[in-house]
Amino acid sequence: MPDLRDRALIEEARTQRFRLGSALLHGRISDRRTVNDNVRRFIASLIVAALACAVCVGISFVTDLLQAQAAEKARQNASISIIEEEPV
């Protein structure tokens, strides 16, 4: 048990030291956390959503194009087979 308490104490001291160093370098936490952080997250979320939509549209376009090509090829093969079967 004492070993766990010592580790917890050391970890707490390390965290406190990190927070103090951060405050020394960057100022108080209320000064560091601004609205800009949330705006950046919002803009990043919009970009990710736009990319996801673009990927979905691209995949849909490609699959539709491939289906159209397959249908055109099947139609050409059907017309060729009809021409070949007609008696002259």
Side-chain angles (χ1 to χ4, degrees):
M1 275 305 212
D3 189 33
L4 293 176
R5 290 182 191 158
D6 291 343
R7 285 185 185 180
L9 184 61
I10 290 171
E11 185 64 32
E12 185 179 336
R14 184 180 300 144
T15 303
Q16 188 66 24
R17 208 174 302 124
F18 175 75
R19 288 180 181 168
L20 285 173
S22 231
L24 179 65
L25 289 174
H26 305 290
R28 294 184 313 180
I29 197 152
S30 61
D31 295 337
R32 286 184 278 158
R33 289 191 181 161
T34 62
V35 176
N36 290 339
D37 291 339
N38 292 330
V39 171
R40 288 181 190 153
R41 287 182 187 145
F42 179 70
I43 291 172
S45 298
L46 286 177
I47 291 171
V48 168
L51 286 174
C53 289
V55 167
C56 289
V57 167
I59 289 172
S60 176
F61 176 75
V62 169
T63 55
D64 186 49
L65 187 66
L66 291 175
Q67 286 176 352
Q69 286 177 351
E72 180 65 28
K73 195 173 202 179
R75 193 174 16 180
Q76 285 177 355
N77 288 340
S79 65
I80 290 173
S81 65
I82 291 174
I83 293 172
E84 290 176 355
E85 292 177 4
E86 287 182 6
V88 179

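- Atom-to-atom distance recorded for L20:CG and L24:CG is 8.5 Å, nearest 0.5 angstrom.
- In terms of modelled atom types and a separation under 3.5 Å, the side chain of T63 and the main chain of I59 share a donor-acceptor contact.
- Inter-residue side-chain proximity for V62 and L66 is flagged as met; some heavy-atom pair is nearer than 4.5 Å.
- With a 4.5 Å cut-off on side-chain heavy atoms, R5 and L9 do not count as touching.
- In the hydrophobic clustering of this structure, I43 groups with L51; members are Ile, Leu, Val, Met, Phe, Trp, Tyr whose side-chain heavy atoms approach within less than 4.5 Å, directly or through other members.
- Remark: of the listed residues R17, E11, E12, E11 is the sole one forming a side chain to side chain contact (heavy atoms under 4.5 Å, CB included) with T15.
- Each of V39 and V48 belongs to its own hydrophobic cluster when Ile, Leu, Val, Met, Phe, Trp and Tyr are linked at side-chain heavy-atom distances under 4.5 angstrom.
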